[in-house]
Amino acid sequence: MALYGGAFDPPHRAHVAMAQALVRQFGVQRLWVVPTGNAWHKATHLSPAEHRLAMARLAFADVPEAVVDERELHREGPSYTIDTLTELQAEQPPAHWLVLMGQDQWDRFTTWHRWQDVARNATVVVAARAYSESAGAQSDFKHVGADCRALDWQTMDLSSTTVRQSVQGAATMVPPAVARYISQHHLYPNHS
């Protein structure tokens, strides 16, 4: 069992590739993809929840093991990974859990709410990101003192910020169904 949370604003090809790599590498049978609700750590305003949920469902439709879960979108107050992990563990005992995150989140992991509990209750899997400021640091798991693993995948130079700011080319950065959704709903003002 695995948890993959994020803003997914929008979900791009690297998000999907990370999920597929996790499934392959760890034999994951069920992957909960959880768009964040009130993201306490995001300084920017997120697109409306219903759009991020719809795009996540479209993006991960070709990952049979993925279940897009909307629980954080309905949660009052800030969304914390430990709360979602605790709920999922209660619903799916006695499974061992993985928590997938990109290098950008790993760089800030020790600032997360109750990060020690996340590290204690799951194996953290970190995907190196081509745009991370500390792309070489992902193997430095000792400072967390938990079971952490590196994701074996081909890094991609993509971020949701890049997609949102792109005037052209978003269709090459996101799955085709997501590109159509963005266009139909005029989600990002710079996107044509």
Side-chain angles (χ1 to χ4, degrees), residues 2-23 31-63 66-75 78-81 84 99-109 111-113 118 124-135 137-138 151 153-192:
L3 168 61
Y4 184 19
F8 302 117
D9 191 18
H12 50 68
R13 291 181 186 272
H15 288 133
V16 177
M18 287 168 57
Q20 292 168 328
L22 182 80
V23 167
L31 170 61
W32 274 261
V33 176
V34 184
T36 190
N38 182 0
W40 63 271
H41 62 292
K42 292 279 186 183
T44 59
H45 177 70
L46 297 176
S47 295
E50 66 270 15
H51 291 309
R52 292 184 298 109
L53 178 63
M55 288 187 292
R57 287 184 171 142
L58 293 168
F60 293 97
D62 291 335
V63 181
V67 173
V68 177
D69 185 299
E70 59 188 81
R71 75 182 66 222
E72 287 192 11
L73 301 174
H74 303 293
R75 188 178 291 152
S79 291
Y80 297 119
T81 299
T84 302
V99 174
L100 176 62
M101 66 181 69
Q103 178 72 42
D104 54 335
Q105 289 303 313
W106 173 254
D107 291 343
R108 295 187 290 273
F109 183 58
T111 68
W112 285 22
H113 177 70
V118 174
V124 177
V125 180
V126 181
R129 302 295 292 266
Y131 62 84
S132 175
E133 293 175 8
S134 60
Q138 81 156 9
L151 185 68
W153 80 302
Q154 180 63 47
T155 62
M156 302 171 83
D157 189 14
L158 282 177
S159 73
S160 293
T161 301
T162 303
V163 176
R164 287 192 306 270
Q165 294 172 347
S166 177
V167 175
Q168 295 179 348
T172 64
M173 295 183 245
V174 299
V178 174
R180 286 190 298 276
Y181 189 93
I182 291 169
S183 179
Q184 290 168 353
H185 295 275
H186 310 287
L187 291 185
Y188 307 112
N190 290 333
H191 179 74
S192 60

For this session: Go through R52 and E70 one step at a time and tell me if the salt bridge (Lys or Arg N to Asp or Glu O under 4.0 Å) criterion holds.
Result: CA-CA 10 Å; R52 292 184 298 109; E70 59 188 81; over 6 Å; no
Exercise. Quick one: side chain to side chain donor-acceptor pair (under 3.5 Å) partners of H186, sequence neighbours excluded?
Worked result: none
Problem set entry | L31 CG to L3 CG distance, which is reported to the nearest 0.5 Å | 8.0 Å
Exercise. Which residues pass the ring-ring contact (aromatic ring centres under 6.0 Å, His included) test with F60, sequence neighbours left out?
Worked result: F8
For this session: Find out whether S166 and M173 are in side-chain contact, i.e. whether some heavy atom of one side chain is under 4.5 Å from a heavy atom of the other.
Result: yes
Problem set entry | CA sep, side-chain torsions, deciding dist, call: T161, R164, side chain to side chain donor-acceptor pair (under 3.5 Å) | CA-CA 5 Å; T161 301; R164 287 192 306 270; 3.1 Å; yes
For this session: Check whether any side-chain heavy atom of V16 lies under 4.5 Å from a side-chain heavy atom of P11, and answer yes or no.
Result: no
Problem set entry | Which residues share a side chain to side chain donor-acceptor pair (under 3.5 Å) with R13, sequence neighbours left out | none
Problem set entry | Intermediate values then yes/no, side chain to side chain contact (heavy atoms under 4.5 Å, CB included), D107 and Q103 | CA-CA 6 Å; D107 291 343; Q103 178 72 42; 2.7 Å; yes
Problem set entry | H12 side-chain N/O to A14 backbone N/O, donor-acceptor pair under 3.5 Å | yes
Exercise. Nearest 0.5 Å, what's the CG-OG distance between L73 and S79?
Worked result: 7.5 Å
Exercise. Taking atom types as modelled and ignoring hydrogens, do the side chains of R180 and S183 form a donor-acceptor contact shorter than 3.5 angstrom?
Worked result: no
For this session: Report the distance from atom CE of M101 to atom CZ of F109, rounding to the nearest 0.5 Å.
Result: 4.5 Å
Seminar exercise, completed: Across all chains, not counting sequence neighbours, the salt bridge (Lys or Arg N to Asp or Glu O under 4.0 Å) partners of E50 are none
For this session: Compare every heavy atom of A127 with every heavy atom of L151, then report the nearest pair and how far apart it is.
Result: CD2-CB, 3.6 Å
Exercise. Taking the side chain as C-beta and beyond, is there a heavy-atom pair between T36 and L46 under 4.5 Å?
Worked result: yes
Exercise. Salt bridge (Lys or Arg N to Asp or Glu O under 4.0 Å) with R71: which residues, sequence neighbours excluded?
Worked result: D69, E87, E91
Exercise. Which atom names give the shortest non-hydrogen contact between P10 and H15, and what distance separates them?
Worked result: O-CE1, 3.8 Å
Exercise. Between CE of M55 and CG of L58, what distance do you get to the nearest 0.5 Å?
Worked result: 9.0 Å
For this session: Say whether, by atom type as modelled, one donor and one acceptor occur between the side chain of W112 and the main chain of W106 under 3.5 angstrom.
Result: no
Problem set entry | From V99, L100, V125, residue fulfilling side chain to side chain contact (heavy atoms under 4.5 Å, CB included) relative to Y4 | L100
Exercise. For T84, which residues count as a side chain to side chain donor-acceptor pair (under 3.5 Å) partner, sequence neighbours excluded?
Worked result: E72, R75
Problem set entry | Donor on one side chain, acceptor on other, D9 and S47, under 3.5 Å | yes
Exercise. Could you go step by step and tell me if V67 and V33 meet the side chain to side chain contact (heavy atoms under 4.5 Å, CB included) rule?
Worked result: CA-CA 6 Å; V67 173; V33 176; over 6 Å; no
For this session: Measure the shortest side-chain to side-chain distance between T111 and R108 over non-hydrogen atoms and say whether it is less than 4.5 angstrom.
Result: yes
